[in-house]
Amino acid sequence: MPVAIVGAGHSKFGARKDVNLPELSWEAIKPAMESANVEQKDIDFFVVGTAGFWSSEAAVPALIYEYGRFEDVGSMRIEAACATGSAAIRVGYTAIESGEADVVLVLGIEKMQESPNPTVIELIGRFGSYFWEFENFGLTFPGYYALHATAYMAKYGASEEDFAKIAVKNHFYGSKNPYAQFQNEITLEKALNSPYIAWPFKLFDCSPITDGSAAVVLASEDKVKEWGVEEKVWIISQGVGTGTANLSRRDTFTSLKSASYAAEVAYKKAGIDREKPYKELDGANVHDCFTAAEIMAYEDLGFARRGEGVELVREEQTYIGGRIPVNVDGGLKAKGHPIGATGVSQAVEAYKQLLSKAESGRQIDVRNGRFLAHNVGGTGHYSYVTIYGLEKR
Amino acid sequence: MEDLKKAAETNIKEYGFPVTIDEKSGALQWVDMRELNVRYIISIENLQEFYEGLREEKLLATKCRKCNELYFPPQKDCPKCMISEMEWVELKKDGVLETLTVIFVRPPSFSNYEPYAVAIARLDDGVRVTAWLNGDPEKVKPGDRIKIEVSRRKEGYLMYEIVPVEG
């Protein structure tokens, strides 16, 4: 049974000290339900993606059930590190595909700023192999990706300036997204002069610590027909991959095997040519938790050949008008990265872009009617590649 | 956090609740009165030989008696053969640096250390090891030869580290 996004909502991302967790969730749920034209009684199943730890509430689905006056509905909390949002979508998508549910509300929510920044840095560092990486060697999340950046620089001759160009692009588009945490453009000099966080990454190579929520309403093809839904975006396919907990158990640090695998599965199911997928896609959101991660994503997704992702950056091929526009909502870098919300935020972006509802200055040209979302948990521990489309497969 | 706790203490007296006003947004915040201190107790019952090895400055891995697969970090079971007949073997302590980083912004639990370099090396036996790099990170690059040494941490306990080989 084909599955469509029939409604989408997104909170303002940032330091949201003005709201608590259910209030922030409602900022996404309300517009999602309104745009889908559904009421609480229409929802069969409710999935919440939230990583937690840094925020006080643990029983989040029940809390939202109570706050949103839902009734007689199943629910589940999902965690897959930074891919939590996509994992939540997967649960909703497969629940409908299998015939278990007709209408599913998927919420991604994270309130990271309920804890001070050092506590969050401590907790995210534990998203690898706790015992063999964190306990004795104190790796941080920027550190895990920096190990990849160093390897990429050594193998393909990329520079810190190349990485900074990604931040400049994503801030450029973030400045056009009213929901973004950072709505300011930055210069290359500003990025290059920021302090080191984990060499070779500086402050402007890193996505921020963010509060935010995003929600989508998923419906079966039967419901889409029954309701006569006009504004919808189909989930064409989704690939999911897993990587080792320890980076030392991997053969390469210039790509994420789990992401390449997820892409292969998603492309195959969607019937997209693995060699030049960008010719069949109108745009993409990729997981730029760190600048170098965006370049690896280009290669893992086949937007460029191995070692040539950095060329796309130098030639500005991932701005609107280039080979394929990437992260024109600001990406994790400028839009912000509320871990559990990110994957759902990417789905909201796919919905907006394909239905030509994006804000002025950041709307892509919709020709093929297909958009890709690449969401990575940990450092390739979990990878999700989802293809969204105007026409069902 | 200490500033927030102080503000909350003051406000308990003056206002009646543990609250504070967020500096940037001006929004009212409740400062949690309940603090959680987490320290895990992790079983190393099946890794005893590994730590005995480190005491003798050896780096040990497990090896499947059937397929000879080497496991580092050591595993109790060989999932390829679905058996648990493993032996402990000493790894060659020489290898090649594959990648590195320097952690400037440290987790609070590592705040007593200066910025430290973390590296991944591939040992000549074929397994890879993640550890601190004891050497000048600006003078090494992927591809350089390294060796594994065991030393005492500032916190007093023994741990293996990656050391660049001169020349």
Side-chain angles (χ1 to χ4, degrees), chain A residues 14-20 53 56 113-126 128-140 142-155 195-203 206 245-254, chain B residues 1-4 21-30 32 34 36 38 40 42 44 47 71-74 97-111 113 115-123 127-133 137-138 141-143 153 155 157 159-162:
Chain A
R16 296 299 309 275
K17 305 274 185 181
D18 55 323
V19 281
N20 65 22
F53 307 124
S56 52
Q113 298 214 10
E114 271 194 17
S115 288
N117 282 6
T119 308
V120 178
I121 290 162
E122 174 93 26
L123 289 169
I124 309 187
R126 300 170 178 220
S129 165
Y130 180 84
F131 192 65
W132 295 96
E133 293 180 333
F134 185 82
E135 171 72 10
N136 297 309
F137 310 119
L139 268 161
T140 58
Y144 290 115
Y145 269 99
L147 289 167
H148 287 77
T150 304
Y152 191 93
M153 289 165 87
K155 189 168 179 184
Y196 279 109
I197 302 295
W199 181 87
F201 288 148
K202 295 175 284 296
L203 182 66
C206 306
N246 272 291
L247 295 192
S248 67
R249 283 284 184 93
R250 301 185 187 178
D251 295 332
T252 174
F253 304 105
T254 53
Chain B
M1 198 55 166
E2 289 310 311
D3 296 355
L4 293 176
I21 289 171
D22 178 58
E23 266 180 35
K24 277 187 191 161
S25 64
L28 192 64
Q29 313 290 306
W30 179 280
D32 199 347
R34 315 298 152 210
L36 179 66
V38 182
Y40 302 108
I42 303 159
I44 54 162
L47 294 172
Y71 288 95
F72 190 89
L97 186 77
E98 290 208 322
T99 189
L100 75 155
T101 179
V102 182
I103 309 294
F104 285 92
V105 175
R106 281 99 68 205
S109 61
F110 281 85
S111 58
Y113 286 98
Y116 44 83
V118 185
I120 300 176
R122 186 171 189 269
L123 302 187
V127 298
R128 290 180 176 79
V129 174
T130 302
W132 277 2
L133 181 90
E138 290 189 45
K141 58 184 188 308
R153 282 292 179 82
E155 289 160 302
Y157 70 99
M159 194 42 60
Y160 52 96
E161 59 188 21
I162 295 170

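In the text below, chain A, chain B and the rest are named by the order of the sequence lines, each starting its count at 1. Only this structure's heavy atoms are used, side chains among them; waters, hydrogens and symmetry mates stay out.
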Worksheet item: Looking only at side chains, do B:Y160 and A:N136 share a donor and an acceptor under 3.5 Å apart?
Response: no
Measuring heavy-atom distances to chain A, does [X] have an atom under 4.5 Å in its side chain, in its backbone, in both, or in neither?
X      : result
B:V118 : both
B:L100 : both
B:S25  : side chain
B:P108 : both
B:R34  : neither
B:L4   : neither
B:L123 : neither
B:Y71  : both

Item to complete: Could you tell me the separation between the CD1 atom of B:I103 and the CZ atom of B:R106, rounded to the nearest 0.5 Å?
Response: 10.0 Å
Worksheet item: In Å and rounded to the nearest 0.5 Å, what is the CG to OG1 distance from A:L123 to A:T140?
Response: 13.0 Å
Could you look at [X] and say if it's the side chain, the backbone, both or neither that has a heavy atom under 4.5 Å from chain B?
X      : result
A:P116 : side chain
A:F253 : side chain
A:N246 : side chain
A:E135 : backbone
A:N20  : neither

Residue among [options] with most heavy-atom pairs under 4.5 Å to chain B:
options                       : result
A:M153, A:R249, A:R250        : A:R249
A:P142, A:S56, A:A151, A:S129 : A:A151
A:F201, A:Y130, A:F134        : A:F134

Worksheet item: What closest approach, in Å, do B:I162 and B:V129 show between heavy atoms, and which atom pair accounts for it?
Response: CD1-O, 3.7 Å
Worksheet item: Can you name the closest pair of heavy atoms from B:E161 and B:A131 and give their distance?
Response: CA-CB, 4.0 Å
Practice prompt. Please state whether the rings of B:Y116 and B:Y113 are parallel, tilted or perpendicular, taking 30° and 60° as the class boundaries.
Written response: perpendicular
Worksheet entry | Heavy-atom neighbours of B:I21 CD1 exceed 12 at 6.0 Å | no
Worksheet item: Are more than 12 heavy atoms from other residues, nucleotides or ligands located less than 6.0 Å from atom CD of B:E155?
Response: yes
Item to complete: Among the options B:A27, B:P73, B:P137, B:S111, pick out the one with the most heavy-atom pairs lying under 4.5 Å from chain A.
Response: B:P73
Discussion item. B:Y40 vs A:F131, test: ring-ring contact (aromatic ring centres under 6.0 Å, His included). Steps then yes/no.
Written reply: CA-CA 10 Å; B:Y40 302 108; A:F131 192 65; over 10 Å; no
Worksheet item: Yes or no on side chain to side chain contact (heavy atoms under 4.5 Å, CB included) for B:D32 and A:E114, after CA distance, side-chain angles and deciding distance?
Response: CA-CA 10 Å; B:D32 199 347; A:E114 271 194 17; over 6 Å; no
Worksheet entry | Any B:D22 side-chain heavy atom under 4.5 Å of B:L28 side chain | no
